[in-house]
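One structure is given here, and the rest of the page talks about it.
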Amino acid sequence: MGSPPHIAVIGGGSTGAGIARDLSMRGLDVTLVEQGNLTHGTTGRMHGLLHSGGRYAVSDRASARECIEENRVLREIATHCVEMTGGLFVKRPEDDEEYFQEKLRGCRACGIPAEVVSGAEARAMEPHLAKDVEKAISVPDGAVDPFRLVVANAASAIEHGARIETHSTVRDVLIEDGEVVGLEVEHASGAGKRVHGTEGGREEIRADYVVNATGAWAGRIGEMAGVDIEVRPSKGVMTIMNVRQVDTVINRCRPKGDADIVVPHETTAILGTTDEEVEDPEEYPEEGWEVDLMIETLSELVPMLEDARTIRSFWGVRPLYEPPEVGSTDPTDITRDYFLLDHAERDGLEGMTSIVGGKFTTYRMMGEEISDHVCAQFGIDADCHTADVPLPGSEDFTVLRDYMDEFGLRSPIGRRSVERLGSRADEVLTTSDPNPTVCTCEGVTRAEIRDAIEGSGSDLNAVRIRTRASMGNCQGGFCCHRMAGELHGEYDEDVARQAWDELLQERWKGQRHALWGEQLSQAALNYALHATTQNRDRDPADGDPVDFTAFDGGARSSEPSGTAGVATDGGGQDGD
Amino acid sequence: MSDTGPQTDFDPIEPNTGREFEPVDVFPATEEFDLRPGADSCFKCSACDTSCPVAEVDDDFPGPKFQGPEQWRLKRRQGHEIDDSVMSCSNCMRCDDACPSGVPLSQMHNTARGEYVSEQMSKTSVEYWRNRVLSNYRTSAFLASKVPRLANVAMNFGPARWLMEKTMGVTKEREFPEFASTTFREWWAERGGADESRRRARAHRERLGLDRDADKRVAYFHGCYSNYNTTEVGKAMVRVYERYGYEVVAPEQKCSGTPMFANGMLADARRHAEVNVSSMADLVEQGYDAIASCTSCSMALRQEYPELFDIEGIETVAANTFESVEYLRIHEDLKTDVREASVSGELAREFAYHAPCHARNQGLERQSVELFGDLEGAGIEDVGDSCSGISGTYGWKEEKYETSMEIGEEMFDHMAEADGDVGMTECPTCAMQMEHGTGYEIRHPLELLEEALVENPQSEP
Ligand SMILES: Cc1cc2nc3c(=O)[nH]c(=O)nc-3n(C[C@H](O)[C@H](O)[C@H](O)COP(=O)(O)OP(=O)(O)OC[C@H]3O[C@@H](n4cnc5c(N)ncnc54)[C@H](O)[C@@H]3O)c2cc1C
Ligand code: SF4
Ligand code: SF4
């Protein structure tokens, strides 16, 4: 065989990115297309739990075993994305003792290290737990940052020669003689790193094989290819608290139910979740009562949650799948396992496989399995290395250094930056330019923002997920404009302005279901600030580009006096 | 503040630690609280930053918003360090007062500073020992008071001061305060202690037409400074209170802890607080109210103690502590009495009054001006709302001296502008700074009150 086969992967979630990395490491030629930015789908809307498997230890032991196995792998290869917080399955007096024992037996049977701790011990670990908590099982749950993990997978794929296209939607699956031969893709804004508003257009990407990793959207791609994929999207709500009330993952020890877990995530804690089947993975109702119910229920475990500040809520859809013949009516009964659907075997359509279901925690394992499958199509015998080669950012690295001195940062900011960047810290933070803090809530400096822009182009939402800038308690109120300012130079005003608008919109969207108490004060302040200092109350995005030259240059202007009049007669920003 | 409504209006806003919260070894074996939830109240308006006197003059100081809610929110329970800039905060607590949203800023600073000092500052460094010596002023003062005349000379002896600056980082620019030849407590004991005070209070009650056994009893927290240095303030307190028929007791007490909080010496502060709380709590149980003549002492007992420590009785003591003039304004018709009085002689002067930051935090910044505005024979003028800049031990540190003087600049200017050439303030260290910057003599409001209201004060021992 001459050049390696070209594989097109659809979907830039954890599954797609994991596959792209695996295949490219095995020497295949990979193109990944994603309609939004990376993690645009369910991956960007999940809970951030690195499962120990404990949650499935009673109901689904096969999944539980996979989880603990992958949990161990990710701790090694993705150190900068994982925080090993530990987890507790907490039993309240009204919870069933028999189930508690069953959970314990299940964990042990699946090889999940599990210890029983008394109520007092649990409260010593987590002082904000309810006083009447009886006891708990401790397990190696962890917290994982899905954004960083997917970005690192994509970066690794790129290092191995892959092409990653974001903001590129698959419009059609090309079929010739009963075989999938490629994709028709619409680029929102041109190939390569994203540029707003210009370029764009359609591209036909020819491929020797196509992998459909579009999760809850898999059925849509199926339709384009004329095959049936019965994904059953099920929505779940999550609410982000302003601070970490707990530093350990807190699960309620009872059979499946809504609102039974709190995951510490970076500076915040995330409450979850619910499970309700929906028709459409994009258009589904987001309702306030879901949030209220969740806060109320979880307050039984951590009473202070009731009065604590929430900063936003969001919903995700699980890409659940079950073979049509099973016919579960309740979505919580549908297995969390993943399925590899080879359309050649299943539907007689050569050249394409879909992967559906599964969990974030097991993304790598799914990637490995499908990569084996793809390689088999081409008779390639290449080993999988994704479990032993660390991701970019998680290479060998000592964390015990004095970043503050080294990078001239205040200690909590230096510490946070380094935790996010991992082994890339030196490369990113060493700069001879001034390095002010751009996002003060999350401690993100200019150097990190600039690095993210280099990696993701002008899309500030992509910069956000890479850095956490604008994800803190002011929800971008004080930093979105600064982030947009960093685009300037490389990108012109129009682009910066559009990116800024998009970021702000995205930030407001998630706050809709958190607008009471402190976050309402915050929103009111943000609104007033943006209205009065940025003219945001009259939507400048609708208007013509701002004619900056029409403004008085001020006393210190180096322009010779007299030129100020030039631009007022309708001249554009460049004076043309 | 002068009506007799609930006397405990002063309510340091509780951090949001949840109703059910009971601290169980959050940080085992330390005195630290998890203050991350306190960041919930912050909406980043920066009101605190704009009111911070240190941030105003020191560009390297990140300001209270970072120091407090931001730093705490970024913190993890373990392995996260406190930024060393917390040592540049003077603990003036202005930020606390400025925050519209109830963020427990000073509690955050104090706790962070405590953690920084106990975990990150080298225990063998000169800075640590200098800070410890400065914050344990009571110990130095105790020793000095044994040989006051010698101490007065020695402490301000040029070569010795040069050496202190070089080896300990105590600025040689400042003059050490003078030690009294007889301490307040020595005077008090000699005068007959509580029994004598009861006798006098009863005599005054008779004079005032009150019940001989009226329930008017106060426990005086004189603090270190009026004990060792400005004993006239302590004596004035006793005489003014007796004049209104109050019996005074001067219970066993140690330093209020103010200088220790500011230096992050929380373990020292706690030891002292335990003594103070236990002796005050007993008296409060018996119906006494705790009175301090130093606004930082009353601040410590009222706000910092309950914020930082969990000592039996601390809440009751906090709720029953008052500043000396404040208390009389609540319970007596001080305003009328002062309006009807007049002063002549040494204190018939124009006063340039500075309200200490800690008085401001207790809502007391206008009381002296309101009170003495009507006093015949004397005048008073407020020199504005800036910070004096010394903030206790802060301005004594060689590396902070310049900052301290820069902050004080505005107050010095305003004092120079004011009519009077005598200063007035409730806070002993503000007084040092005022004197240092202007050369004025500085008096305490109680001294003027005594002059106005007490007949023949000098006639007693
Ligand atoms: C509420 C909730 C909480 C969860 N919590 C956890 C957890 O704590 N731990 C855990 O391990 N798992 C969790 N999961 C499961 C986990 O999030 C998902 O299994 C996983 O993220 C799925 O990733 P994916 O890549 O398969 O799908 P996705 O992330 O949805 O990726 C599919 C991508 O395909 C793209 N796409 C779709 N159509 C097209 C097209 N036509 N052209 C181009 N691109 C297209 C989409 O934009 C999307 O980005 C949770 C799920 C939910 C819903
Ligand atoms: S206590 Fe005073 S010096 Fe310290 S941060 Fe607050 S305002 Fe600034
Ligand atoms: S004044 Fe209060 S609410 Fe405003 S920034 Fe400071 S701490 Fe936050």
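Naming: A, B, ... by sequence-line order, numbering from 1 per chain. Worth saying up front: this structure is predicted, and the values here are computed from it rather than measured.
Contact detail for Phe478(A) and Phe43(B): the closest heavy-atom pair is CE1-O, 4.1 Å. Across every non-hydrogen atom of Gln71(B) and Pro412(A), the tightest pair is OE1-CG, 3.4 Å. Closest approach of Arg73(B) to Gly472(A), counting heavy atoms only: NH2-CA, 3.6 Å.
Ion pairing of Asp247(A) with Arg36(B) is present here, as a side-chain N (NZ or NE/NH1/NH2) and a carboxylate O approach within less than 4.0 Å.
For Glu399(B), the CD atom counts as densely surrounded, since its 6.0 Å shell holds more than 12 non-hydrogen atoms of other residues, nucleotides or ligands. Annotation for Glu94(A): atom CD counts as buried by contact number, over 12 foreign heavy atoms lying within 6.0 Å. In Glu134(A), the CD atom is crowded: over 12 heavy atoms of neighbouring residues, nucleotides or ligands sit closer than 6.0 Å. Remark: Asp59(B) CG is loosely packed, at most 12 non-hydrogen atoms of other residues, nucleotides or ligands lying under 6.0 Å away.
Contacts between Thr268(A) and chain B at a heavy-atom distance below 4.5 Å involve the side chain alone, from C-beta outward. Contact of Glu83(A) with chain B is made through the side chain alone, with heavy-atom distances under 4.5 Å. The part of Met125(A) that comes within reach of chain B is its backbone (N, CA, C, O), which places non-hydrogen atoms under 4.5 angstrom from that chain. Both the backbone and the side chain of Pro62(B) come within contact range of chain A, judged by heavy atoms closer than 4.5 Å. With a 4.5 angstrom heavy-atom cutoff, Leu305(A) does not touch chain B via any of its atoms.
Comparing Gln245(A), Glu442(A), Gln519(A) by how many heavy-atom pairs each has under 4.5 Å with chain B, the most go to Glu442(A). Top candidate by heavy-atom pairs under 4.5 Å with chain B, chosen from Thr440(A), Val302(A), Leu525(A), is Thr440(A). Between chain B and the options Thr267(A), Asn526(A), Asn473(A), the largest number of non-hydrogen pairs under 4.5 Å is found for Asn473(A).
The line from CD of Gln522(A) to OG of Ser41(B) is 11.5 Å long, rounded to the nearest 0.5 Å. Between Gln120(B) atom CD and Ser411(A) atom OG the span is 6.0 Å, to the nearest 0.5 Å. Separating the CZ atom in Arg410(A) from the CZ atom in Phe66(B) is a distance of 6.0 Å, to the nearest 0.5 Å. In this structure, CD on Glu419(A) lies 10.0 Å from CG on Leu74(B), to the nearest 0.5 angstrom. Distance NZ/Lys75(B) to CZ/Arg416(A): 10.5 Å, rounded to 0.5 Å. The OG atom of Ser521(A) lies 14.5 Å from the NZ atom of Lys44(B); values are rounded to the nearest 0.5 Å.
A distance-only check finds no donor-acceptor pair linking the side chain of Asp40(B) to the backbone of Ala308(A) [under 3.5 Å].
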